[in-house]
Number of protein chains: 2
Amino acid sequence: MREGLQPGDRLPSEPELIERFGMAKGTIREALRLLDAQGLVKSRTGPGGGTFVHEVSQQRAEALLANYFYFKDLTISDIYQIRRVLEPELVADLAGALSPRVMEELRDILASYSDPATTDEEERDQHVATLQFHKLLADQSANPLLSFLIGFMLTILTDITVYRKLYTPINRDLWARGLDYQTRLLDALETGDSGAARAIMKAHMQTAGPLMEGQEAFSLKRFLSH
Amino acid sequence: MREGLQPGDRLPSEPELIERFGMAKGTIREALRLLDAQGLVKSRTGPGGGTFVHEVSQQRAEALLANYFYFKDLTISDIYQIRRVLEPELVADLAGALSPRVMEELRDILASYSDPATTDEEERDQHVATLQFHKLLADQSANPLLSFLIGFMLTILTDITVYRKLYTPINRDLWARGLDYQTRLLDALETGDSGAARAIMKAHMQTAGPLMEGQEAFSLKRFLSH
DNA sequence: CCCAATTTGTTCGTATGTATC
DNA sequence: AGATACATACGAACAAATTGG
């Protein structure tokens with residue numbers, strides 16, 4: 001940081017660091033591992049190789065943050081409490097600002113679950129797809145913090161959905177209402193009606209939220225492993 | 001994780017790990033450094049020492065997450081967009097649920113800036129104190145995610161306030177209004193009026209927010225260093 | 001107060017794997 | 001195909017810190 005290195009820039013080679021800091025190879029390598037674990041550098045072997053500054057990926061940041069919650073009793077309803085306020089905020093920003101390319105992608109995802117699921121497995125896949133719908137929206141935000149936070153919550157919810165049958169009871173009524181919400185949301189986003197987008201998402205979150213409260217409270221420990 | 005180790009539990013000693021995985025000392029130590037950097041273990045020398053599982057501290061989690069935003073163009077107004085919706089949610093939860101002990105602490109903090117600042121330095125200290133007021137509230141939440149997110153934003157804002165004269169122009173009107181908001185908020189929290197607490201905080205955030213928008217947009221790079 | 005045992009921390013020398021020219 | 005420049009891994013030794021006798 002002090003030397004203003006940018007992603008892609010090469011750190012001094014190990015022998016150079018040994019020379020510069022007057023330390024042994026092992027010590028230098030342990031130090032580099034500390035940066036490695038934080039996702040700040042990546043190393044490559046061979047000529048032209050070395051250790052390079054690397055932008056911390058969203059995936060890495062999510063994994064590191066998940067470690068923190070490994071020791072906390074975070075529940076599904078805790079997550080929904082945050083989603084309930086952040087996602088309406090998100091779509092209010094996005095109304096009228098989405099590219100045709102993204103709009104099309106959103107419609108594609110929506111189409112992937114336009115028919116009710118018939119099996120538990122199909123049901124699970126559809127739920128993952130709805131989460132992808134929200135994820136794609138989150139990725140469009142100009143606010144990196146908002147984008148990350150929603151993405152983080154969606155990753156947790158997706159992991160839980162995949163590794164555990166979270167949404168087992170098939171509920172056709174809920175499915176129909178969710179589909180209706182998202183269809184109307186797309187319209188509001190396209191026409192640029194920020195207020196409507198916010199209201200629709202808010203209502204959507206308020207129906208999805210209480211459903212989760214019914215689930216037993218449980219810690220996320222078993223899902224957070226890398 | 002696989003062996004269900006809890007915070008405080010000891011990992012095998014280095015010689016044991018060397019034996020168990022059939023690897024050299026340096027390799028084992030680099031692996032332990034990876035866990036160390038994530039805040040998952042701490043090592044102590046001497047008899048009775050070793051490497052111990054450790055709960056990831058909030059401070060560490062914040063620092064690791066800050067690394068992610070080091071490469072993003074996060075602005076003050078991005079942060080306020082999130083605060084604006086999360087902090088009202090926080091105080092709505094907290095209304096009527098705070099211990100007399102905490103209420104007293106909150107009043108103490110409030111009292112520490114009950115007189116208008118006369119110097120820039122005093123002004124800065126008062127702003128840090130107002131952030132502490134919010135931090136103390138965040139710490140009371142039963143929702144670990146909500147608690148962490150607000151705490152994270154407050155840490156960033158505090159760092160900026162301390163290391164840079166963010167709030168330089170002394171604005172007595174704003175000071176008076178902020179004090180009024182917080183006083184009324186304390187009353188609402190004490191009487192357990194959840195709706196009022198939410199409304200007051202919302203209004204508070206909406207006056208503080210636009211003030212920040214006036215600040216030039218800038219990245220947080222220079223502040224995020226550990 | 002000092003000594004001895006235990007455990008992590010550090011060093012050095014060497015060898016191996018890997019990618020590039 | 002071979003030389004070169006890297007990171008990666010190994011092994012033996014020594015240093016430093018902490019604890020208990």
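Straight-line distance from the CD atom of B:Glu30 to the P atom of C:dT10: 13 Å, rounded to whole Å. When the C1' atom of C:dC12 is taken as reference, atom CD of A:Glu19 falls 15 Å away, rounded to whole Å. D:dA9 atom C1' lies 15 Å from atom CG of A:Leu32, rounded to whole Å. Rounded to an integer number of Å, the gap from CD1 of B:Ile18 to P of D:dA9 is 14 Å. Atoms CZ (B:Phe21) and P (D:dC10) sit 13 Å apart, rounded to a whole Å. If you measure from atom CD1 of A:Ile28 to atom P of D:dA9, you get 17 Å, rounded to the nearest angstrom.
Between the side chains of B:Asn143 and B:Glu89, no donor N or O sits under 3.5 Å from an acceptor N or O.
Checked against C:dT8, D:dC10, D:dA7, the side chain of B:Met23 finds its nearest nucleotide in D:dC10. Of the candidate nucleotides C:dT8, D:dT8, C:dT11, C:dT11 has the atom lying nearest to any side-chain atom of A:Ala24. The side chain of B:Pro47 lies closest to C:dT6 when the candidates are D:dC6, C:dT11, C:dT6.
As judged by a 4.0 angstrom heavy-atom cut-off over every strand, A:Arg44 is placed among residues touching the sugar-phosphate backbone only. The residue B:Gly26 sits apart from the nucleic acid: no heavy atom pair falls under 4.0 Å.
Checking side-chain atoms of A:Arg124 against main-chain N and O of A:Thr119 turns up no donor-acceptor pair under 3.5 Å. Judged purely by atom type and a 3.5 angstrom limit, B:Trp175 has no side-chain atom pairing as donor or acceptor with the backbone of B:Glu123.
Ring pair B:Phe69/B:Phe152 is tilted by interplanar angle, where 30° to 60° counts as tilted.
Look at B:Arg33 and you'll find a side-chain N or O under 4.0 angstrom from OP1 or OP2 of C:dG9. The side chain of A:Arg29 contributes no N or O atom lying less than 4.0 Å from OP1 or OP2 of D:dA7. In terms of phosphate contacts, B:Ser43 brings no side-chain nitrogen or oxygen within less than 4.0 Å of OP1 or OP2 of C:dT7. Considering only side-chain N and O atoms, A:Thr27 lies under 4.0 angstrom from the phosphate OP1 or OP2 of C:dT11.
Applying the 6.0 Å contact sphere to CD of B:Glu122 captures more than 12 heavy atoms from other residues, nucleotides or ligands.
Each of A:Gly48 and A:Glu14 was assigned the nucleotide of DNA chain D with the nearest heavy atom; the assignment lying further toward the 5' end belongs to A:Gly48.
Not a single donor-acceptor contact under 3.5 angstrom links the side-chain atoms of B:Lys25 to the base of C:dT8.
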